[in-house]
There are 2 protein chains.
Amino acid sequence: MRKRFHKDVSVVVTIKEVAKEANVSISTVSRVLNKSGYTSEKTKEKVLNAVKKLNYQGSLVAAAMKKKQTLTLGLIIPDIKNIFYSDLTRTIEDRANSHGFNIFLCNTDNNLQKEAEYIHLLIAKGVDGIIFSSPEVDDGNIEELKENYPELPVVILGGKFPKLILNEVVVDNVDGAYKAMGHLLDLGHKDIAFIGGDPETYASVERHKGYKMALNERGIQVKDDYVIFDTFYIQSGYENAKRLLQKNDRPTAIFAVSDSIAVGVYKAARELNIRIPEQLSVVGFDDSQYAEILYPMLTTIRTPIKEMGQRAIEIMVKAIKEKQIIKETVLFYPNLIERESTMAIEADHPKK
Amino acid sequence: MRKRFHKDVSVVVTIKEVAKEANVSISTVSRVLNKSGYTSEKTKEKVLNAVKKLNYQGSLVAAAMKKKQTLTLGLIIPDIKNIFYSDLTRTIEDRANSHGFNIFLCNTDNNLQKEAEYIHLLIAKGVDGIIFSSPEVDDGNIEELKENYPELPVVILGGKFPKLILNEVVVDNVDGAYKAMGHLLDLGHKDIAFIGGDPETYASVERHKGYKMALNERGIQVKDDYVIFDTFYIQSGYENAKRLLQKNDRPTAIFAVSDSIAVGVYKAARELNIRIPEQLSVVGFDDSQYAEILYPMLTTIRTPIKEMGQRAIEIMVKAIKEKQIIKETVLFYPNLIERESTMAIEADHPKK
DNA sequence: ATGAAAGCGCTAACAG
DNA sequence: CTGTTAGCGCTTTCAT
């Protein structure tokens with residue numbers, strides 16, 4: 001004879017006990033709880049009473065196993081501490097939740113190795129879909145993922161994979177940068193530096209494109225030592241701005257590829273006693289919470305994060321529900337939010 | 001005869017196929033993959049080869065069902081957009097991940113109804129534990145949770161439930177407030193206002209206690225119209241500071257119960273042309289990213305978030321591994337970070 | 001309208 | 001050292 005298991009003291013009540021309590025079969029319980037199939041009002045009531053009495057809480061993990069649907073989504077971002085991603089994450093979590101999904105949060109620090117590990121884990125845990133925000137250009141992990149799991153719904157926020165069948169929700173970065181530069185150029189600036197973030201990043205490369213485009217259009221030579229790529233951290237903006245602003249031919253304006261970088265620029269300017277906007281104009285990107293906290297308030301390019309996050313979830317949910325893998329791309333346009341950090345160069349530019 | 005199911009096109013390979021490919025039983029596969037029990041080097045190799053060949057990815061949901069361990073944790077916070085919680089969440093996610101756990105992120109906006117729903121969902125999804133950050137005082141949901149699932153490991157960050165058997169990682173808020181006030185008092189301030197956040201919140205009530213305590217100790221009458229409770233949002237700090245600063249007997253210093261509130265205070269001061277710190281000293285709480293972004297940089301009370309988050313995970317993991325539910329409370333002490341937003345009142349206080 | 005039974009993919013006890 | 005087998009808690013045919 002088989003040895004008795006040690007009694008499992010788990011207090012958790014299962015569908016079986018509910019069935020017993022209600023004097024029906026477990027399938028009946030399942031039916032009323034899922035509102036599937038027919039059940040008489042009377043049994044329905046019996047079941048519901050038993051559920052209440054036993055304080056029954058169905059196991060979604062068991063259900064997931066049968067239905068192959070965990071009702072959870074993976075969200076892969078570089079870093080939740082970055083205000084841009086926390087804003088985004090909030091919208092995504094909210095919208096997902098309202099559709100009955102939970103979110104596994106994954107921070108990669110733009111580390112491909114880490115990203116790969118998360119992807120495996122998410123797959124193992126059976127997520128119904130994965131949302132990537134700001135992947136690197138030509139992120140091999142995503143390619144591999146799509147190869148191994150072509151059926152898994154994927155949406156990319158802020159990234160383009162023309163060859164892969166997945167959904168993309170993007171903002172026109174070159175247009176945004178172009179607008180930022182247009183504003184500066186219109187104010188009479190000619191010596192405009194560019195401080196980018198991580199160079200393998202869509203945000204960096206595309207905004208750089210817009211930067212060059214605007215300059216070229218006005219026939220202004222782009223100076224190599226005016227363009228810098230580093231990271232999106234405040235510290236990076238600080239260090240690079242400091243270097244830039246200590247040059248003999250320092251720029252009269254800086255286009256920072258993100259608000260966080262702009263924060264660093266402010267810090268550097270303050271340290272060097274360079275007044276913004278009188279002696280230095282600066283434009284950021286994102287229109288994050290930082291923009292209004294900075295003094296003077298930051299002129300920046302607004303990325304419609306909320307709308308983008310919301311759209312991402314809609315697409316994801318549709319893909320999951322309809323079980324069809326297609327490629328959908330939606331493009332958002334950013335726009336300039338003028339605040340106080342820019343100024344016409346003629347007005348008063350002590351440097352000149 | 002039973003009708004054949006429609007072929008399940010799921011591309012996912014299961015342990016069965018690996019077993020077939022490797023010519024062993026599924027239990028053998030399970031054994032080598034889990035490194036449990038004995039297996040000869042030879043079969044081990046065969047299995048591993050098959051795994052690689054088929055690109056097998058075990059299902060943790062099936063495993064979870066057997067083992068009653070999902071390797072996931074629920075994290076319930078008010079709002080990830082709040083920089084305090086994104087800092088915290090990052091540490092928690094990192095540490096949890098390094099122990100093999102994933103995090104379900106839940107934003108409640110301090111809404112008890114929402115919190116209750118999340119708790120149910122987390123339970124249904126079989127999380128191995130739940131971490132609550134900054135619950136309300138006497139949060140009934142937590143009480144109920146512990147009643148229904150006494151075996152579920154719970155750790156509370158920044159909250160106290162003396163009657164419940166759960167773990168607490170707290171910071172001594174009254175001490176923090178007391179230090180903030182001590183600093184201001186030492187600088188000669190007597191008219192010090194208090195701007196709190198949500199009144200049902202430990203942070204608010206305990207910091208208020210510290211505020212009163214410091215004042216009493218120096219024999220200073222606490223003025224009712226100098227203490228305000230509202231929310232932790234910037235906007236709330238702004239509105240309340242504005243009102244405060246327009247009074248005839250406006251305070252010479254403000255103790256803001258969080259850095260975000262302090263941000264609002266800066267804004268109000270700027271609008272009213274009140275210079276910080278010359279005409280108004282302000283102290284914040286948290287030492288968040290905001291503190292160094294603000295100009296002048298904010299003097300604030302540092303909460304050791306990283307250490308606290310890390311500790312929370314350690315306790316959680318221990319509780320899960322050892323399967324014993326005990327009450328552990330760890331207390332952290334905050335300390336004052338002096339920066340530029342405070343100043344001795346004698347020096348130059350135009351108001352006086 | 002309801003119940004019986006067959007799994008979902010895996011782990012672990014047990015018997016070789 | 002390895003295979004057989006019995007579930008984990010639920011959903012879903014299919015039969016009644």
Side-chain angles (χ1 to χ4, degrees), chain A residues 1-20 22-47 50-51 54 56-71 123-126 128, chain B residues 1-20 22-47 50-51 54 56-71 123-126 128:
Chain A
M1 199 187 87
R2 189 164 274 252
K3 209 195 323 155
R4 228 349 182 346
F5 291 112
H6 275 279
K7 188 171 177 318
D8 188 359
V9 262
S10 106
V11 199
V12 181
V13 342
T14 72
I15 197 173
K16 226 165 163 176
E17 299 160 54
V18 177
K20 184 148 35 132
N23 247 302
V24 296
S25 71
I26 61 169
S27 31
T28 298
V29 176
S30 174
R31 247 175 257 135
V32 349
L33 259 26
N34 292 297
K35 301 184 206 315
S36 64
Y38 301 94
T39 28
S40 72
E41 277 308 312
K42 243 182 70 185
T43 42
K44 205 175 284 181
E45 211 186 300
K46 278 198 298 183
V47 170
V51 165
L54 302 181
Y56 170 66
Q57 180 66 257
S59 159
L60 286 179
V61 3
M65 191 150 168
K66 282 261 17 159
K67 302 211 260 191
K68 274 132 179 23
Q69 254 236 43
T70 53
L71 293 176
I123 293 290
K125 294 215 175 169
D128 298 333
Chain B
M1 200 186 83
R2 187 164 275 251
K3 214 205 307 168
R4 223 2 176 342
F5 291 112
H6 275 278
K7 188 172 176 314
D8 189 0
V9 264
S10 105
V11 198
V12 181
V13 337
T14 72
I15 198 173
K16 226 166 166 175
E17 299 160 55
V18 176
K20 183 148 36 132
N23 246 302
V24 296
S25 73
I26 62 168
S27 35
T28 299
V29 176
S30 175
R31 248 174 256 136
V32 348
L33 260 26
N34 291 299
K35 302 184 204 316
S36 66
Y38 301 95
T39 28
S40 72
E41 276 308 311
K42 245 183 68 185
T43 41
K44 204 176 283 182
E45 211 187 301
K46 278 199 297 183
V47 169
V51 165
L54 301 182
Y56 170 67
Q57 179 65 258
S59 160
L60 287 179
V61 1
M65 192 151 168
K66 279 262 17 161
K67 302 210 261 192
K68 274 133 179 19
Q69 253 238 42
T70 53
L71 292 176
I123 292 291
K125 294 214 174 169
D128 299 332

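Here is how names work: the chains are called A, B, and so on, in the same order as the sequence lines, proteins then strands, and each is numbered from 1.
- Within the 4.0 angstrom heavy-atom criterion, no nucleotide atom of any strand lies near A/Val61.
- Checking the phosphate oxygens (OP1, OP2) of C/dA1, no side-chain nitrogen or oxygen of A/Thr43 falls inside 4.0 Å.
- To the nearest angstrom, P of D/dC8 lies 23 Å from NZ of B/Lys125.
- Within 4.0 Å of A/Ser27, counting heavy atoms only, lies at least one base atom of the nucleic acid.
- Taken from CD in B/Gln69 to CG in B/Asp128, the straight-line distance is 4.5 Å, to the nearest 0.5 Å.
- Using a cutoff of 4.0 Å between basic side-chain nitrogens and carboxylate oxygens, B/Glu41 and B/Lys44 are scored as salt-bridged.
- A straight line from CE of B/Met65 to P of C/dG7 spans 15 Å, rounded to a whole angstrom.
- Listed pair B/Ser40 / D/dT2 meets the phosphate criterion, a side-chain N or O lying under 4.0 Å from OP1 or OP2.
- B/Leu60 has its CG atom 19 Å from the P atom of C/dC8, to the nearest Å.
- Atom CG of B/Asn23 and atom P of D/dG3 are 9 Å apart (whole Å).
- Checked by atom type and distance alone, the side chain of B/Glu45 never pairs as donor or acceptor with a backbone atom of B/Lys42 at under 3.5 Å.
- Put simply, CD1 on B/Ile26 and CG on B/Leu33 are 12.0 Å apart, with the number rounded to the nearest 0.5 Å.
- Between D/dC1 and B/Lys44, no contact under 4.0 Å exists linking OP1 or OP2 to a side-chain N or O.
- Going from atom CD1 of A/Ile26 over to atom C1' of C/dT2 covers 13 Å, rounded to whole Å.
- Between the side chains of B/Thr28 and B/Ser25, at least one donor N or O sits under 3.5 Å from an acceptor N or O.
- Applying the 4.0 Å criterion to OP1 and OP2 of D/dG9, one finds that A/Ser59 has every side-chain N and O outside that range.
- Between B/Arg31 atom CZ and D/dC1 atom P there is a gap of 11 Å when expressed in whole angstrom units.
- OP1 or OP2 of D/dC10 has at least one side-chain nitrogen or oxygen of A/Tyr56 nearer than 4.0 Å.
- Residues A/Val61 and B/Ala64 share a closest heavy-atom pair of CG2-CB, 4.5 Å.
- Distance A/Tyr38 OH to D/dT13 P: 14 Å, rounded to the nearest Å.
- Counting any heavy atom pair closer than 4.0 Å across all strands shown, B/Gly58 reaches sugar-phosphate atoms only and no base atom.
- Considering only the side chain of A/Asn34, D/dT11 comes nearest among D/dT11, D/dC8, C/dC10.
- Separation of atoms CG (A/Leu60) and CE (A/Met65) is listed at 14.5 Å; rounding is to 0.5 Å.
- At least one side-chain nitrogen or oxygen of A/Thr28 sits closer than 4.0 Å to the OP1 or OP2 atom of C/dG3.
- Comparing D/dT13, D/dC8, C/dC8 by their nearest atom to the side chain of A/Lys68 picks out C/dC8.
- The side chain of A/Lys66 sits closest to D/dG9 out of D/dC1, D/dG9, C/dT11.
- Residue A/Ala63 has its side chain nearest to D/dT11 when only C/dT11, C/dG9, D/dT11 are considered.
- Summarising the geometry, the separation between NZ on B/Lys35 and P on C/dT11 is reported as 13 Å, rounded to the nearest angstrom.
- Each end of the helix from C/dA1-D/dT16 to C/dG16-D/dC1 gets its own axis from five base pairs, and the two axes differ in direction by 40°, given to 10 degrees.
- The closest donor-acceptor contact from the side chain of B/Lys125 to the backbone of B/Thr70 lies at 3.5 Å or more, if one exists at all.
- Contact of A/Ser36 with D/dT12 (side chain to base): no donor-acceptor pair of N or O atoms is detected under 3.5 Å.
- Taking 4.0 angstrom as the limit, B/Ser25 places a side-chain polar atom (N or O) nearer than this to OP1 or OP2 of D/dG3.
- For the pair B/Asn34 and B/Lys67, the minimum side-chain heavy-atom distance is below 4.5 Å.
- The phosphate of C/dA12 has neither OP1 nor OP2 within less than 4.0 Å of any side-chain N or O from B/Lys67.
- The shortest distance between the side-chain N/O atoms of B/Ser30 and the OP1/OP2 oxygens of C/dT11 is below 4.0 Å.
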